[in-house]
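Data block below; observations after.
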Amino acid sequence: MTTNTQNPGSGGAKPPLQIAAMGLAVLAALYGLALANATTSSVMAFHGLVFTLASVLALWGLARFKARPQGTVLSGPGVVYNMDVVKYGTIASVFWGVIGFSVGLLAALQLAFPALNFDVSFLSFGRIRPLHTSAVIFAFGGNVLIATSFYVVQRTGRARLAGDIAPWFVFWGYQLFIVLAATGYVLGVTQSKEYAEPEWYVDLWLTIVWVTYLLIFLGTLWRRAEPHIYVANWFYLAFIITIAMLHLINNAAVPLSWSSPHSVIMWSGVQDAMIQWWYGHNAVGFFLTAGFLGIMYYFVPKQADRPIYSYRLSIVHFWSIIFLYIWAGPHHLHYTALPDWAQTVGMAFSIMLWMPSWGGMINGLMTLSGAWDKLRTDPVIRMLVVSIAFYGMSTFEGPVMSIKAVNSLSHYTDWTIGHVHSGALGWVGFVSFGAIYCLVPWLWERKRLYSLQLVSWHFWIATAGIVFYITSMWVAGIMQGLMWRAYDSLGFLEYSFVETVEAMNPYYIIRAFGGGLFVAGSLIMAYNVWRTIRGDIREGEPLPESVTVSAAAATA
């Protein structure tokens, strides 16, 4: 085991590097101005000005940036970790979570009450819906993954995060991507690909940010003092690399010109559909599953104060998930122009995915062996454990829905919406909330969260919201599918499309109610996090010693 120290005059944040970064910021600002001036698109001109403003702010930040002190321990005992960027990522996760969930509630209300579209284009369901999905997946989920991966890779490798300026570039660059993508949605400039709506110039910016993210993660692993790479880092690394590959191939496009926001996708027809759902399903498989499994494998053992149940099982879980998930995309294209053999391959691999997924679920749940009593006293571990249960449920339902006979009923219905949200709200949402509740007192060196009772309120309110949401969509979706395939005695369709929409209205209202409860839970979390960061402690709440940890103990 060795410790690496920075020699005088050396290190990641040398003045020449800082000057070079400032030069790039100036060039970026000039490019943004040139783009705003040359384009005939008002949306691209707006984005050019946003890019210019962001570059000017980056220039100001770089001018004030202070490199780490000389002699900072980079790895080994006594390492000085870079936790400031993790703090910013945690706050951004809470912020974007509230925004994304609230926009989702508006979209749900618009389906139940169409007047809430307000006859305004940028508030229409067609633009709000992709804004919601991307805000929750990429803004909330992406910030959670960046923050937790930066934290976990440092702690488990006993090494400081690689680079000084680069981690901040990834954080702020990712926020810029979110703003550019979101404004593109509401202003009507997208390439209309599910989970990949931003146009070519926003995709290029994300590529630069993401490659930097990968290099930072690899650089931190390279300088680690711990010879073993903990399994959470394998999941994080798989998520980062695979998303990069998916993003580059699915978004391969030729812009009409450098000053036009529009582009032509390189793929066409059924090939484009196949690549889109290879991307779409694996965005779920690697962004929303592998990355968050990295969170599970670190934060569940940490909060439970127990070792992972089976490290061997975690390795089997990792490699089987990585191999199988990448093949499952064609099950989104049953009964389409995609060759039947490809549909069958997608179905077969989807069914096989059930086994490793449940292996991971069992590994997470069994980590509490000998510590099940913590579920009564610690609402944070309760939230983490319930997230694993939702992971198990949604990874069972998904393979079932991939079977052609089932898919013929479920596809294009709201049953799929219920399935997606059982995973998104129950698995991704709860494991993210649990990680945030763990990180905040650790990062800000607080004795505990402001209020564990508020965590419990958040848990129960959000759980009720999920139940209302997914059960209403399950019932509505099955009813929808049955109405679409119902024929009268003469062989004509028994119900018109309008009649099926009318029958859905009560379930849309129930879904909106459930979504409202989930939003309320996120607001409780935001308040609890804010009070914790301030250093407040709610009086009158008995707290077991097992969950009252000092910052030093929590990060040991």
Side-chain angles (χ1 to χ4, degrees), residues 12-13 17 20-21 24 28 58 74-75 81-83 85-86 88-89 92-93 137-139 141-178 180-181 195-196 198 200-224 226 229-252 278-279 282-295 297-298 318-319 321-323 325-326:
L17 180 60
L24 289 174
L74 302 183
S75 65
Y81 297 111
N82 180 0
M83 290 301 172
V85 70
V86 181
Y88 275 74
S93 300
I137 296 171
F138 299 114
N143 274 289
V144 169
L145 289 169
I146 290 172
T148 56
S149 64
F150 279 171
Y151 181 87
V152 172
V153 74
Q154 292 185 85
R155 296 301 318 182
T156 57
R158 288 186 286 166
R160 182 180 171 86
L161 205 59
D164 281 341
I165 296 174
W168 290 106
F169 170 75
V170 169
F171 172 74
W172 288 113
Y174 195 73
Q175 308 315 305
L176 177 59
F177 157 72
I178 292 168
L180 293 175
Y195 307 137
W200 66 271
Y201 57 97
V202 183
D203 287 334
L204 278 177
W205 176 249
L206 177 60
T207 302
I208 295 169
V209 173
W210 205 261
V211 170
T212 308
Y213 178 28
L214 173 61
L215 293 176
I216 291 170
F217 199 86
L218 288 172
T220 308
L221 288 175
W222 182 264
R223 69 153 56 127
R224 71 189 187 278
E226 175 60 47
I229 299 178
Y230 183 60
V231 66
N233 292 317
W234 284 105
F235 278 99
Y236 281 126
L237 190 59
F239 134 72
I240 298 169
I241 292 174
T242 308
I243 291 301
M245 176 182 69
L246 297 169
H247 172 75
L248 289 172
I249 296 176
N250 185 56
N251 291 292
W278 169 74
Y279 164 90
N282 288 293
V284 174
F286 287 86
F287 202 99
L288 298 178
T289 303
F292 289 92
L293 285 170
I295 295 176
Y297 272 113
Y298 182 85
F318 172 79
W319 286 111
I321 283 280
I322 297 308
F323 175 72
Y325 230 121
I326 206 77

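Note that the structure is predicted; figures quoted are calculated from it, not measured.
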Stepwise side-chain contact (heavy atoms from CB on, under 4.5 Å) test for L204 and I208: CA-CA 7 Å; L204 278 177; I208 295 169; 5.7 Å; no

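- Between Q154 and L161, the shortest heavy-atom distance links the atoms OE1-N, 3.1 Å.
- The heavy-atom pair separating I243 from N282 by the smallest distance is CD1-O, 4.2 Å.
- Across all their heavy atoms, A162 and G219 have their closest contact at CB-C, 3.8 Å.
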Please step through side-chain contact (heavy atoms from CB on, under 4.5 Å) for the pair L293 and F318, ending with a clear verdict. CA-CA 9 Å; L293 285 170; F318 172 79; over 6 Å; no

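- Taking CG from L17 and CD1 from I165, the interatomic distance works out to 4.5 Å, rounded to the nearest 0.5 Å.
- Here the closest non-hydrogen pair linking I216 and P167 is CD1-N, 3.4 Å.
- Residues passing the ring-ring contact (aromatic ring centres under 6.0 Å, His included) test with W205 are F51, F169, sequence neighbours excluded.
- Y201 pairs by the side-chain hydrogen bond (donor to acceptor under 3.5 Å, both in side chains) definition with H47, not counting sequence neighbours.
- The distance between the ring centers of Y230 and Y297 does not fall below 6.0 angstrom.
- Residues meeting the side-chain contact (heavy atoms from CB on, under 4.5 Å) test with F171, sequence neighbours left out: V85, Y88, A92, N143, Q175.
- R224 approaches A159 most closely through the heavy-atom pair CA-CB, 3.7 Å.
- Annotation: side chain to side chain donor-acceptor pair (under 3.5 Å) contacts involving residues 206-216, sequence neighbours excluded, comprise S149-Y213, T207-H247.
- The closest side-chain heavy-atom distance from V209 to F177 is not below 4.5 Å.
- The ring-ring contact (aromatic ring centres under 6.0 Å, His included) test applied to Y195 returns no partner, not counting sequence neighbours.
- In this structure A196 satisfies the side-chain contact (heavy atoms from CB on, under 4.5 Å) test together with Q191, K193, N250, N251, Y279, sequence neighbours excluded.
- With S75 contributing its side chain and R158 its backbone, the two residues share no donor-acceptor pair below 3.5 Å.
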Donor-acceptor pairs under 3.5 angstrom involving side-chain atoms of residues 233-241: please list them, not counting sequence neighbours.
{"unit_1": "N233", "atom_1": "ND2", "unit_2": "T156", "atom_2": "OG1", "d": "2.7"}
{"unit_1": "W234", "atom_1": "NE1", "unit_2": "I229", "atom_2": "O", "d": "3.4"}
{"unit_1": "Y236", "atom_1": "OH", "unit_2": "T148", "atom_2": "OG1", "d": "2.9"}

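- At least one side-chain heavy atom of W278 sits less than 4.5 Å from a side-chain heavy atom of L246.
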I would like to know whether N82 and F150 meet side-chain contact (heavy atoms from CB on, under 4.5 Å); could you show each step before the answer? CA-CA 9 Å; N82 180 0; F150 279 171; over 6 Å; no

Stepwise, does the side-chain contact (heavy atoms from CB on, under 4.5 Å) test hold for I322 with F286? CA-CA 8 Å; I322 297 308; F286 287 86; 3.4 Å; yes

